[in-house]
Amino acid sequence: MKYTLRILRKSPAEEKQYWQEFEYESVSESDTVASALRKIGEVKWECSCLQKKCGACAMVIDNVPRLACDAKLSECRSETVTVQPLRKFPVVCDLVVDRSILYRNLETMKTWLSQDADFGETNPDKYRELAYEGSECIQCGCCLEVCPNFYPGGSFFGMASVPLTMRLLSETDRKQYMENAKLYRKHVYSGCGKSLACKDICPRHIDTEKLLVNLNALAVWKRKKK
Amino acid sequence: MEKTVNIIGAGISGLSAAITLAQKNIHVNLISSMPSERAQSVLAEGGINAALDTMGEHDTVLEHFQDTVKGGVFIENEEAVMGLVKTAPSIVRELQALGVPFQHENGKFIQRNFGGQKKKRTAYAKSSTGKMIMAALTDRVRMVEAAGLVKRYTHHVLSSFVIRDSELKAVRVTDTHLLKTLEFTGPCILCTGGLNGFFEGYTTGTIQNSGTAAALAFSEGVEFANLEFIQYHPTTVKICDKVMLISEAARGEGARLMVMRDSKPWYFMEEKYELGNLSPRDVISREIALLEKTEGLKDFYLDATGIDENVWKTRLSDLRAELISYTGLDPAEKVIPIRPGIHYFMGGIRVDNGHRTNIKHLFAAGEAACKYHGANRLGGNSMLGAFYGGRVAAESAASSACLVSVSEVSYEETENEKQKDELCQVLLEGLGIIRDEKEIDGALNRTWDMASDFYSTDAKRALLGCAMLECAKERKESRGAHYRSDYPKTLDSYRKQTCVVFRGGKIMVRFEELSKAGSL
Ligand SMILES: Cc1cc2nc3c(=O)[nH]c(=O)nc-3n(C[C@H](O)[C@H](O)[C@H](O)COP(=O)(O)OP(=O)(O)OC[C@H]3O[C@@H](n4cnc5c(N)ncnc54)[C@H](O)[C@@H]3O)c2cc1C
Ligand code: SF4
Ligand code: SF4
Ligand code: FES
């Protein structure tokens with residue numbers, strides 16, 4: 001099967017982006033956009049695990065933010081597939097973007113435990129489960145692409161800072177808790193329109209709605225664990 | 001400026017080293033080609049070993065030690081392994097304190113069985129143990145970053161070493177976003193992972209670990225060890241761009257290995273081997289390679305169709321979803337075509353028990369280094385080795401810590417390898433599961449040709465390729481992951497460490513007594 005990849009490119013030295021088309025002859029039904037990009041070669045993109053577990057290859061494919069290694073060509077809507085870099089981050093070159101804002105935001109959110117983890121006494125399994133789900137985030141940035149309220153540099157940090165905050169609040173119940181809850185209210189709760197545009201986008205299938213509900217209970221309505 | 005150590009690589013070993021140094025108030029430049037979320041360590045599924053003895057089996061540190069040295073077929077420095085297994089229980093508790101949601105019941109760790117170990121010793125967090133550990137470590141490093149102790153240089157790739165008179169003076173790294181090269185003086189810990197990039201498309205790991213860092217080190221006279229020991233995992237499935245691991249858990253739940261012979265399914269492991277489908281990784285991989293070579297059989301499968309629906313739902317749901325998504329086959333209904341794939345590199349940079357290399361002020365840890373796993377590593381021991389090794393390396397590097405300068409130097413290009421595929425094909429021929437002198441020599445001739453100019457990145461990579469082949473050639477016996485059809489016996493005279501170094505335009509291989517494998 002022959003596909004045409006219409007790719008939005010940019011050379012490192014220049015500002016201007018341009019479209020270029022590449023032909024790709026697929027070898028198997030399960031070929032992905034990542035397979036095509038590997039074959040094409042000259043287009044720069046980021047890739048690591050090639051099995052949906054690292055977030056490196058997030059890009060916009062046929063207008064949807066997703067992982068290139070998860071985007072099967074045979075499931076794209078036509079034989080011409082458009083591929084462009086994530087739009088909320090500065091483009092470095094071709095499909096490579098600078099996602100460093102994600103990490104700066106996590107630092108502002110102080111997503112670390114300053115004491116030993118403690119899952120509480122009454123329902124530790126529930127909080128372990130939430131911590132597990134929170135730790136699953138691969139910082140791909142897909143959820144920010146679709147979020148109507150997120151822009152880089154703004155004080156609203158979007159869904160990408162929520163999972164690790166969930167991990168944290170499910171593992172701590174003491175002093176640190178107050179501070180993180182406050183940061184959550186400031187950088188997530190107050191700016192989130194709860195449109196849930198981010199709901200079915202996460203490639204790790206993180207249940208964003210569930211995380212928001214649980215976090216709001218913990219951080220906004222202050223339902224303590226013990 | 002404060003006392004500083006440079007670390008290259010931000011997987012489990014690099015993060016562990018950074019945390020240890022920060023605890024000592026020593027500053028760290030943490031350099032990596034990608035953020036930690038994208039390091040290979042996040043792929044680890046099964047778990048991490050420690051004799052926590054929570055399963056009522058009276059497990060002990062001594063038994064963990066015995067299983068590890070036996071698995072490694074007795075060519076590891078025992079003092080080093082003892083250090084590893086003794087510390088393991090406190091490491092796992094520490095990881096839990098950092099927030100890893102290990103599986104628990106009634107306030108106790110649940111531990112599972114893993115190949116090569118007699119007792120339930122592997123602590124785990126569902127099927128994402130590596131990801132959970134990395135999330136907790138990355139957050140802890142973020143804390144010390146905020147405190148100003150760690151400075152991250154992400155999207156920076158090692159471009160060269162400055163080594164004079166066997167002493168590391170500086171490392172140079174290129175910022176792949178801004179296309180400029182920085183020189184960092186001072187000591188360095190290499191945590192750049194295994195040699196996957198030499199076998200692109202044939203390993204379960206990530207191609208981010210290109211192996212180029214190791215190749216640069218080797219060409220500068222850094223000593224390596226045990227490069228002939230490459231672990232092939234028997235059950236990997238070819239997906240479009242790599243081979244994907246099918247965890248042992250599937251066989252643990254009843255999946256069977258099968259091959260088509262005379263158009264009929266044959267469950268080949270069940271007749272010849274007492275442990276059948278649960279035999280160790282190297283045994284099954286070898287059996288597959290043997291059937292291929294001697295009987296010309298080709299179509300090998302994992303038959304998991306007999307597994308109970310309930311088990312799929314409760315314990316193997318991730319695996320099933322992954323297989324359906326990448327192969328289009330539902331393992332509950334169809335057999336899955338499998339092949340042995342490269343999964344782990346036991347060999348690497350030769351380090352003493354303090355993780356020092358033969359080059360002063362250069363240290364190595366994690367899969368980049370050769371330590372703890374001998375001729376074959378046990379599942380669950382490598383994350384442990386990476387975390388422990390990173391810590392030990394940091395303890396040693398602390399005494400080399402000094403004022404470090406960072407300055408821009410003329411641009412050095414990275415990621416410019418052109419002969420990756422060609423080198424890979426040659427190495428696969430010489431370093432297959434079953435090897436003989438003729439194959440190795442054939443591959444060596446061609447690899448030497450590629451290495452001839454010594455200067456390009458491709459040539460330096462080929463040079464390390466030659467070193468792997470030379471190690472395989474000189475070890476004229478079979479042991480663990482190294483099987484020579486022309487020397488099928490395990491010989492006491494080879495109960496030694498293979499050491500390999502590039503000096504004066506030549507690759508030199510020697511065998512070192514194990515008592516000396518702990519020092520240099
Ligand atoms: C599918 C799979 C499953 C596994 N399951 C288990 C398991 O259940 N239990 C277990 O114990 N082990 C398991 N392992 C093995 C284990 O995950 C690894 O051995 C271990 O995580 C390696 O950690 P590391 O710190 O050495 O390096 P890695 O995590 O590989 O990190 C390497 C780092 O170096 C950086 N880097 C590489 N090259 C360069 C360069 N040239 N310049 C700059 N930076 C560079 C990378 O960006 C990365 O940050 C598994 C491995 C795989 C592939
Ligand atoms: S719910 Fe809407 S506003 Fe809130 S993070 Fe998701 S997409 Fe953004
Ligand atoms: S929440 Fe999901 S979509 Fe958003 S950054 Fe994390 S993994 Fe990506
Ligand atoms: S390469 Fe890791 S998610 Fe695609």
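- Only the backbone of B/Leu98 comes within contact range of chain A, with heavy atoms under 4.5 Å apart.
- B/Leu178 does not touch chain A: none of its heavy atoms, backbone or side chain, sits under 4.5 Å away.
- With a threshold of 4.5 angstrom between heavy atoms, A/Cys93 does not approach chain B through any atom at all.
- Contacts with chain B were tallied for A/Thr111, A/Leu164, A/Asp116; A/Thr111 has the most, counting heavy-atom pairs under 4.5 Å.
- By number of non-hydrogen pairs under 4.5 angstrom with chain A, the leading residue of B/Gly107, B/Ala136, B/Gly205 is B/Ala136.
- Between chain B and the options A/Cys47, A/Ala34, A/Pro124, the largest number of non-hydrogen pairs under 4.5 Å is found for A/Cys47.
- B/Asp241 has a carboxylate O that lies under 4.0 Å from a charged side-chain N of A/Arg38, or vice versa, which qualifies the two as a salt bridge.
- Neither the backbone nor the side chain of B/Thr154 has a heavy atom closer than 4.5 Å to any heavy atom of chain A.
- Taking the six-membered ring for Trp and thresholds of 30 and 60 degrees, A/Phe89 and A/Phe150 have ring planes inclined between 30 and 60 degrees apart.
- Between chain B and the options A/Gln139, A/Gln51, A/Glu129, heavy-atom pairs under 4.5 Å are most frequent for A/Gln51.
- A salt bridge links A/Lys53 to B/Glu322: one of the charged nitrogens lies within less than 4.0 Å of a carboxylate oxygen.
- In terms of non-hydrogen atom pairs under 4.5 Å with chain A, the most contact-rich of B/Glu415, B/Met244, B/His155, B/His104 is B/His104.
- Taking a cutoff of 4.0 Å between a charged side-chain nitrogen and a carboxylate oxygen, A/Asp94 and A/Arg9 qualify as a salt bridge.
- With a 4.5 Å cut-off on non-hydrogen atoms, A/Val91 does not touch chain B at all.
- Contact tally against chain A (heavy-atom pairs below 4.5 Å) for B/Arg152, B/Met134, B/Lys126: the top residue is B/Lys126.
- The pair B/Lys131-A/Glu136 does not count as a salt bridge, with every side-chain nitrogen at least 4.0 angstrom from each carboxylate oxygen.
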Practice item. Mind running ring pair (Phe, Tyr, Trp, His ring centres under 6.0 Å) on A/Tyr24 and A/Tyr3 for me, showing each step along the way? Key: CA-CA 5 Å; A/Tyr24 174 72; A/Tyr3 293 91; 7.2 Å; no

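- The backbone N or O of A/Ser26 lies less than 3.5 Å from no partner atom in the side chain of A/Asp31, so there is not a single donor-acceptor pair.
- Ionic pairing of B/Asp139 and A/Arg167 is present here: one or more N-O contacts between side-chain nitrogen and carboxylate oxygen are shorter than 4.0 angstrom.
- Among A/Ser35, A/Ala131, A/Ser30, the residue making the largest number of heavy-atom pairs under 4.5 Å with chain B is A/Ser35.
- A salt bridge is absent between A/Lys88 and A/Glu145; no separation between the charged side-chain nitrogens and carboxylate oxygens falls under 4.0 Å.
- B/Met34 touches chain A through its side chain: at least one heavy atom from C-beta onward sits under 4.5 Å away, while N, CA, C and O do not.
- Chosen from A/Thr108, A/Val27, A/Asp125, A/Leu106, the residue pairing most often with chain B at heavy-atom distances under 4.5 Å is A/Leu106.
- Ranked by heavy-atom pairs under 4.5 Å with chain B, the list A/Glu46, A/Lys52, A/Glu29, A/Lys72 is led by A/Lys52.
- Your options are B/Ser325, B/Ser36, B/Ser33, and the one with the most heavy-atom pairs under 4.5 Å with chain A is B/Ser325.
- With B/Tyr153 as the aromatic partner, B/Lys151 meets the cation-pi criteria of under 6.0 angstrom to the ring centre and within 45 degrees of the ring axis.
- A salt bridge links A/Glu133 to A/Lys210: at least one charged side-chain nitrogen sits closer than 4.0 Å to a carboxylate oxygen.
- In this structure, chain B has no heavy atom under 4.5 Å from any part of A/Lys110.
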